[in-house]
Amino acid sequence: MSLLEVAGVHTYYGNIHALKGISLAVEAGEIVTLIGANGAGKSTTLKTISGLLRPREGAVHLEGTDLLREPAHEIVRRGIVHVPEGRRIFARLSVRDNLAAGAITRDDKAGVAADMEMVYETFPRLRERRRQAGGTLSGGEQQMLAIGRGLMGKPRVLLLDEPSMGLAPILVEEIFDIIRRLNGDQGVTILLVEQNALAALDVADRGYVLETGAIRLEGPAAELRTNPEVIEAYLGG
Amino acid sequence: MPWSRRLRRLHPTDVIMGIVGASVIAVVLYGSYETLRSGRYDGTDWFSFLVAGLTQGSIYALIALGYTLVYGILRMINFAHGEIFTAGAMTTFYLATWLSGKGWLTADRLGSAAGARVLGTIVLLIVFSALISSIVAVVLERVAYRPLRGAPRLIPLITAIGASFFLQYTLRGLYGSGIRPYPDVSVLNRELTFGGGYSIAMDEVVVIGSAFVLMLALVAFVQGTRTGMAMRAVAEDRQAAALMGIDVDRTIATTFAVGGALAGAAGVLYALLFRQTQFFMGFIPGLKAFTAAVLGGIGNIPGAMLGGLFLGIAESIGPFLFLEGLGIPSPNQLKDAIAFTMLVLVLIFRPTGILGERVSKRA
Ligand SMILES: Nc1ncnc2c1ncn2[C@@H]1O[C@H](COP(=O)(O)OP(=O)(O)OP(=O)(O)O)[C@@H](O)[C@H]1O
Ligand SMILES: [Mg+2]
């Protein structure tokens with residue numbers, strides 16, 4: 001049994017049929033990436049897993065428990081943390097409070113304090129600005145805050161939606177480094193959505209290629225990277 | 001920007017509004033000057049106007065907080081909030097009358113054991129009323145507003161107006177349409193004198209003191225507890241809050257409970273002060289508190305507190321300060337006009353309120 005299993009999922013926005021039977025699996029300890037053109041349904045897939053959207057058909061299981069019976073806030077408690085597209089930080093809350101909000105479901109005070117320290121170590125910029133309102137951070141800093149806030153939830157599975165969006169190249173590299181470290185050192189399982197397909201296939205163990213709401217290709221990341229179709233469509237052929 | 005450029009950019013309506021604003025200020029200044037010149041009121045009079053204003057303003061502030069909390073989290077004006085206030089005050093009438101019959105509201109002076117029991121009874125009445133109003137608010141949210149969570153914003157607004165009528169007539173059906181006078185707590189009619197003619201009535205001390213404690217408690221709750229943090233997060237971004245593991249529905253219900261509790265507490269304070277309760281009693285205070293919330297910047301907690309106090313003081317001092325100087329007979333009857341003129345002026349000149357930021361477009 002896989003850690004996270006999505007089977008035959010159909011998700012709609014009103015009449016718009018956004019996901020047309022998506023199936024994917026993520027094993028414990030893996031980094032899996034989801035790539036595809038704009039509007040392919042990558043974000044919709046993550047929202048379906050985290051419970052923001054309800055599919056009309058299909059199933060989502062975490063270690064065999066049916067997630068479609070759980071509201072979004074319960075899914076977080078089960079260890080799936082979704083860092084959404086476009087950061088969505090709390091603009092009027094301080095950086096510190098944003099991080100604390102990420103840990104709002106946790107009762108282990110010592111653990112929360114240790115994780116906050118870990119986030120500050122990872123993103124020293126956030127420590128400097130901890131008293132500042134989240135909305136006054138630069139775009140890149142907000143992205144760091146969004147990731148840090150996600151980590152505060154102590155995820156077993158982290159869903160990252162375009163974490164490198166809008167970041168300077170040097171920061172992009174840093175973000176991918178952090179993803180690698182989270183996975184390697186802390187054993188966090190990661191499902192990564194990225195525009196930057198090359199970098200994503202570089203860190204990932206496996207990948208799925210999404211096209212207009214359906215899975216077009218799947219396989220080990222190394223294979224996808226050399227697949228001519230993928231190279232032509234996503235790696236700038 | 002140089003003056004000439006600014007002048008050319010002026011729109012005709014800006015000019016008209018500018019003239020309106022300037023004339024209001026001129027009239028207020030002229031009236032105040034005339035009153036002060038006549039020397040009709042001395043320092044002790046102004047002091048007692050100020051205290052009366054703070055007392056009334058504390059009640060407005062408590063109710064205004066309910067409007068602002070709900071607006072902050074749902075971007076919706078809960079027009080039934082005045083009735084939530086009434087529900088607490090009228091239900092507590094029975095408890096107050098019963099306890100008064102047992103002598104719990106009677107004492108010679110506050111500094112005695114009986115006096116302590118009077119204060120304890122008042123606290124009990126406040127807690128009871130807060131509980132009743134809180135329950136009404138939560139049920140209202142669950143039944144009337146939650147099913148409309150995804151609907152366009154006008155729809156819950158209209159529902160709120162309907163809910164206001166529904167509650168009013170339910171209260172009339174339950175408690176009748178007559179006036180129910182609260183028991184007289186005579187020990188609160190005493191005055192605390194400071195010499196030089198300055199004094200405060202004990203009921204004013206009780207109202208201002210209770211309101212102050214409740215507002216401190218609210219700030220501590222919103223800033224210092226996990227639920228308060230959840231409320232702030234949901235107010236900013238409901239979806240992102242859900243992604244943190246916050247139960248959005250429960251947090252919204254809690255917000256209604258807290259706003260309702262403050263309104264219920266305000267209901268008892270109002271009844272202690274004016275003694276009369278009736279099914280319609282929440283209408284004017286509700287409207288005034290809404291004005292106060294807008295004055296302070298709706299959605300803004302300190303804004304609602306300041307707006308309430310400011311409105312209370314303006315209503316209490318205004319008639320004597322500038323209306324009387326204009327030669328208007330019995331100016332005190334016009335205090336509602338002052339309140340609502342202020343509402344209109346704020347909506348025209350500073351729709352975001354005194355402390356308000358620009359309301360974000362993100363819904
Ligand atoms: N709120 C919405 N209402 C209606 N349609 C939507 C909504 N959100 C997304 N869609 C549609 O669903 C499809 C999938 O969108 P989705 O956001 O999942 O794409 P994506 O792969 O994440 O794209 P991008 O790389 O641009 O973020 C698109 O056709 C989009 O237009
Ligand atoms: Mg997307």
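Given the structure is predicted, the values throughout are model-derived calculations rather than measurements. First the proteins, then the strands, lettered A, B, ... as listed; each starts at 1.
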query: In terms of heavy-atom contacts, does CZ of B:Phe340 have more than 12 from other residues, nucleotides or ligands at under 6.0 Å?
result: yes
Positions in residues 55-89 of chain A that reach chain B, provided some heavy atom is under 4.5 Å away: A:Ala72, A:His73, A:Val76, A:Arg77, A:His82, A:Pro84, A:Arg88
Nearest-0.5 Å distance that lies between atom CG in A:Leu46 and atom CG in B:Leu243: 10.5 Å
field: Heavy-atom pair with the smallest gap, counting every atom of A:Ala91 and B:Glu236
entry: N-OE1, 2.7 Å
field: Over 12 non-hydrogen atoms of neighbours within 6.0 angstrom of CZ in A:Arg180
entry: yes
query: Counting only heavy atoms not in A:Arg127, do more than 12 sit closer than 6.0 Å to its CZ atom?
result: yes
message: How about CZ on B:Arg142, more than 12 heavy atoms from neighbouring residues, nucleotides or ligands closer than 6.0 Å, or not?
response: no
task: Kindly give the heavy-atom pair with the smallest separation between B:Arg226 and A:Arg106, and that separation in Å.
output: NH2-O, 3.1 Å
- line: Taken to the nearest 0.5 Å, the spacing of A:Asn98 CG from B:Met244 CE works out to 8.5 Å
- request: Decide if atom CZ of B:Phe166 counts as having more than 12 heavy atoms of other residues, nucleotides or ligands within a radius under 6.0 Å.
  value: no
query: Between A:Ala101, A:Gly51, A:Gly102, which shows the greatest number of heavy-atom pairs under 4.5 Å with chain B?
result: A:Ala101
task: Check the surroundings of atom CZ in B:Phe310: do more than 12 heavy atoms from other residues, nucleotides or ligands lie under 6.0 Å from it?
output: no
